[in-house]
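Notes follow the structure.
From a predicted model like this one, the values you see are computed outputs, not experimental measurements. We count ligands from 1, going down the list as the structure has it; atoms in each ligand are counted the same way.
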Amino acid sequence: MARAFDVEPVDPFAQITAPPADETPEQRRIRERREEEERKISEQIDEALKLEREEVRVKRRNRLKVLLLGQSESGKSTTVKNFQLKYAPKAWKQERLVWTTVVQLNLIRNVNNILDVITQEMATAPQSAAAAAPTTSRVLLEPAPAESVSPPSDLFSEKHKILKLRLVPLRGVQADLERKLGSGAFEDQGNYGRGRSHSASLVDGESHNTRRIPKEFCVRSNNSWKDRLKHGIKIPGHRPSSGGSINNTPGAWGGNEREVSLGEWGNGPTAGPDEVTGIIAECRDDIKALWEDRVVQSVLSKKKYRVDESSGFFLNDIDRIATQNYTPSDDDVVRARLRTVGVQEHQFVFEEGKHKGTEWQIFDVGGSRSSRASWAPFFDDIDAIIFLAPLSVFDEKLIEDTRVNRLQDSYELWKQVTSSTILENTQIILFLNKYDLLAKKLKRGVRIRDFISSYGERDNTPEAAVKYFEAHFKEVHRKLSRSDRPFFVHVTSAVDTKGTIATLSVVEDSILRRHLVNAQLL
Ligand SMILES: Nc1nc2c(ncn2[C@@H]2O[C@H](COP(=O)(O)OP(=O)(O)OP(=O)(O)O)[C@@H](O)[C@H]2O)c(=O)[nH]1
Ligand SMILES: [Mg+2]
């Protein structure tokens with residue numbers, strides 16, 4: 001009797017696949033043909049999978065992911081616009097018209113803020129500067145001294161009262177413009193605007209003290225407000241066929257770009273596009289008279305309301321903007337302010353330059369404190385971070401927490417980013433932004449050492465200030481960075497498109513170089 005270990009081991013798989021013992025020659029021929037076909041199909045699948053993997057690799061190699069970080073109003077969205085202007089000019093041109101509403105809103109908001117200041121000043125009861133001043137997004141560390149607000153109401157004349165009355169329609173215009181931008185643009189109100197009845201939102205500054213912080217308009221992180229506006233825009237001098245139309249065409253940076261046509265303006269009772277533009281144009285001379293008025297200027301200066309340094313300042317361009325046929329220039333679009341909430345993704349393919357065809361994915365985040373929680377999921381798989389630190393904010397406080405100096409907040413954010421483990425191998429590019437505003441401020445006589453004691457006796461010049469701030473950021477990176485990664489610093493004024501675009505060329509090279517090195521490792 002054979003012992004168990006003498007038995008040949010049985011391969012169950014071979015048993016299943018083995019041809020039947022009584023297979024005829026004809027059956028064998030059919031089986032072999034079938035097996036041959038199956039083998040070919042299997043090889044084809046393997047080949048397709050290989051190609052797919054290679055495609056993903058090539059796609060990844062040709063797609064760069066850049067994340068823009070920094071506190072609110074540091075210039076992130078402005079930098080994205082410079083990217084678009086430089087690398088996707090055709091798409092930029094197509095989209096320029098939708099910014100008309102934002103520029104108009106920025107302008108009218110400034111006028112209404114000035115009217116608020118004047119109204120407060122005209123009121124008979126004297127008020128303290130702290131209660132009356134803050135109608136600007138600039139929260140200065142030292143408000144105007146109390147004695148400076150003895151109301152110069154005697155200086156106000158009949159002319160001011162008439163101007164005020166004549167500009168009353170601008171309140172409605174602001175609401176209409178906000179409704180137009182907001183409708184359909186606010187996906188999720190998150191921490192902002194909860195309980196509001198329509199999708200537009202005025203953001204309350206999250207102040208920890210009792211000072212009234214101005215509300216700033218914002219839209220949610222997607223680009224649907226642009227689609228909506230394209231739907232409702234009237235091109236100056238263009239008469240659409242009755243009813244208007246929408247043609248969907250593939251957009252240059254994600255989603256569909258729609259051809260401009262006449263559509264509905266908004267929901268509910270509201271002024272139409274021509275009406276709003278018409279009211280603004282009719283108010284042009286009065287706005288100019290208000291802005292150029294000596295008394296008004298002196299009140300603004302006493303209240304330390306620096307309108308010309310606030311976001312979205314267009315009052316000096318009133319002649320050009322407050323017209324029936326206004327269309328924004330490139331410069332207008334770059335300077336237009338629309339606060340970001342959440343994370344906005346921009347995708348575009350470089351239309352020109354030596355890296356033509358490269359696909360860029362740029363993530364622009366909302367910089368206010370409550371938006372920062374949404375940053376982390378975007379840290380993964382990022383090629384580079386552009387961190388924006390505004391240089392001019394050393395004498396300002398955060399709108400969302402007026403106990404915090406804005407420069408200090410920037411330093412803290414920088415510490416978190418440079419010490420992050422997830423980001424340890426990500427290239428970091430630091431933009432020391434708003435150099436122009438720093439220079440302006442110092443020229444006005446604001447002294448850095450009054451706000452930052454460690455500045456000491458250094459020269460109060462933009463050059464010395466940049467050297468000082470840059471050294472601080474570099475030192476933090478040196479101490480906290482978890483790897484010996486490349487790190488570049490650029491001094492920028494993001495509203496200066498020529499200078500910023502030159503900087504972006506340098507940035508593009510360094511990001512691509514690093515990206516290609518990483519791509520070899522994929
Ligand atoms: N003068 C000057 N203004 C700038 C500069 N950079 C940005 N701005 C203006 O500052 C304002 C804020 O810029 P944004 O790009 O919207 O700031 P952000 O970082 O995207 O802000 P959030 O969306 O709130 O996070 C806008 O009105 C810009 O036009 C600069 O270098 N100089
Ligand atoms: Mg932004």
Side-chain angles (χ1 to χ4, degrees), residues 67-85 99 102-103 105-107 109-110 136-138 190-192 201 203 205-206 214-223 225 306-317 328-346 362-375 385-393 396 398-400 406 409-410 413 431-444 462 466 490-501 503-504:
L67 179 62
L68 289 157
L69 298 180
Q71 66 183 198
S72 188
E73 291 194 71
S74 54
K76 299 178 293 297
S77 303
T78 313
T79 302
V80 173
K81 289 183 208 165
N82 277 285
F83 261 105
Q84 292 169 335
L85 182 61
W99 287 91
V102 181
V103 175
L105 177 60
N106 286 175
L107 174 77
R109 190 170 182 266
N110 264 326
T136 170
S137 59
R138 299 266 75 77
N191 291 330
Y192 296 99
S201 175
V203 176
E206 305 130 347
K215 295 167 174 182
E216 191 181 2
F217 185 83
C218 69
V219 292
R220 202 56 191 162
S221 56
N222 70 358
N223 276 328
W225 67 273
R306 308 218 63 92
V307 193
D308 59 332
E309 288 178 19
S310 64
S311 293
F313 172 72
F314 286 103
L315 275 162
N316 285 345
D317 303 285
S329 64
D330 288 345
D331 211 41
D332 292 344
V333 177
V334 169
R335 286 193 295 132
R337 162 71 174 160
L338 191 58
R339 179 185 163 164
T340 313
V341 176
V343 179
Q344 206 161 43
E345 182 186 338
H346 301 265
I362 299 191
F363 299 95
D364 176 18
V365 304
S368 67
R369 285 192 161 182
S370 50
S371 284
R372 293 177 194 170
S374 55
W375 295 4
I385 282 178
I386 298 181
F387 186 97
L388 282 108
L391 288 164
S392 59
V393 296
E396 293 172 22
L398 280 185
I399 290 178
E400 55 266 47
R406 281 190 68 192
D409 177 68
S410 222
L413 258 185
F431 277 15
L432 295 175
N433 193 34
K434 299 203 172 182
Y435 177 79
D436 59 324
L437 287 179
L438 169 77
K440 216 169 163 183
K441 212 168 239 185
L442 300 187
K443 202 171 166 201
R444 262 202 285 120
V466 165
H490 298 275
V491 178
T492 54
S493 298
V495 286
D496 162 24
T497 50
K498 212 169 153 207
T500 309
I501 279 173
T503 304
L504 290 183

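A donor-acceptor contact shorter than 3.5 Å is absent between the side chain of Trp375 and the backbone of Gly342. Put simply, the side chain of Lys76 never gets that close to the backbone of Thr340: no donor and acceptor are under 3.5 Å apart. In this structure, Arg335 contributes its side chain and Phe313 its backbone to a donor-acceptor pair below 3.5 Å. Between the side chain of Asn106 and the main chain of Val103, no donor-acceptor pair closer than 3.5 Å is present. Remark: the backbone N or O of Gln71 is not paired with any side-chain donor or acceptor of Arg406 at under 3.5 angstrom. Side chain of Thr500 to main chain of Ser493: a donor-acceptor pair is present (N/O by atom type, distance under 3.5 Å, no hydrogens or angles). For the pair Thr79 (side chain) and Gly75 (backbone), a donor-acceptor distance under 3.5 Å is present. Checking side-chain atoms of Asn82 against main-chain N and O of Leu504 turns up no donor-acceptor pair under 3.5 Å. Side chain of Asn433 to backbone of Ser74: a donor-acceptor contact under 3.5 angstrom is found.
In this structure, the protein non-hydrogen atom closest to atom 10 (O) of ligand 1 is Lys434 NZ, 3.3 Å. With respect to atom 32 (N) of ligand 1, the closest heavy atom belonging to the protein is Asp436 OD1, 2.8 Å. Counting only heavy atoms of the protein, atom 16 (O) of ligand 1 lies nearest to Arg337 NH1, 2.7 Å. From the protein, the heavy atom lying nearest to atom 4 (C) of ligand 1 is Val495 CG1, 3.6 Å. Scanning the protein heavy atoms around atom 21 (O) of ligand 1, the nearest turns out to be Glu73 N, 2.9 Å. Closest to atom 24 (O) of ligand 1, if we only count protein heavy atoms, is Ser72 OG, 2.6 Å. The single protein non-hydrogen atom nearest to atom 19 (O) of ligand 1 is Lys76 NZ, 2.7 Å, given as residue, atom name and distance. Nearest protein neighbour of atom 7 (C) of ligand 1, counting heavy atoms only, is Thr78 OG1, 3.5 Å.
Close approach of ligand 1 to Asn433 (heavy-atom distance below 4.0 Å) involves ligand atoms 5 (C), 6 (N), 31 (O). Of all the atoms in ligand 1, the ones that sit under 4.0 Å from a non-hydrogen atom of Val365 are 25 (O). For ligand 1, the atoms sitting less than 4.0 Å from at least one non-hydrogen atom of Ser311 are 10 (O), 11 (C), 12 (C), 27 (O), numbered in the order shown with element in parentheses. Taking every heavy atom of Gln71 and a limit of under 4.0 angstrom, the matching atoms of ligand 1 come to 19 (O). Which parts of ligand 1 touch Ser493 is read off a 4.0 Å heavy-atom cut-off, strictly below it: atoms 31 (O). The Gly312 neighbourhood of ligand 1 comprises atoms 27 (O), with distances under 4.0 Å to a heavy atom of that residue. Near Ala494, the atoms of ligand 1 lying under 4.0 angstrom from a non-hydrogen atom of the residue are 6 (N), 30 (C), 31 (O). Less than 4.0 angstrom separates some heavy atom of Arg335 from each of these atoms of ligand 1: 27 (O), 29 (O).
Checked for salt-bridge contact, Asp409 and Arg372 meet the test: a charged N lies under 4.0 Å from a carboxylate O. Here Lys81 does not pair with Asp330 in a salt bridge; the nearest charged N to carboxylate O distance is not below 4.0 Å. Between Glu396 and Arg306, no side-chain nitrogen of the basic residue sits less than 4.0 Å from a carboxylate oxygen of the acidic one, so the salt-bridge criterion is not met.
Here Ser72 does not reach the Mg ion (ligand 2): none of its N/O/S atoms is less than 2.8 Å from the metal. Under 2.8 Å from the Mg ion (ligand 2) lies an N/O/S atom of Ser77, whether from backbone or side chain.
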Is there a side chain to side chain contact (heavy atoms under 4.5 Å, CB included) between Phe431 and Thr503? Walk through the geometry before answering. CA-CA 10 Å; Phe431 277 15; Thr503 304; 3.9 Å; yes
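Residue-ligand proximity: Gly70 is placed with every non-hydrogen atom at 4.0 Å or more from ligand 1.
Backbone and side-chain nitrogen or oxygen atoms of Leu338 are examined, and none is located within less than 3.5 angstrom of a nitrogen or oxygen of ligand 1. The N/O atoms of Ser77, backbone and side chain alike, include one that comes under 3.5 Å of an N/O atom in ligand 1. At a 3.5 angstrom cut-off on N or O pairs, Ala336 does not count as close to ligand 1.
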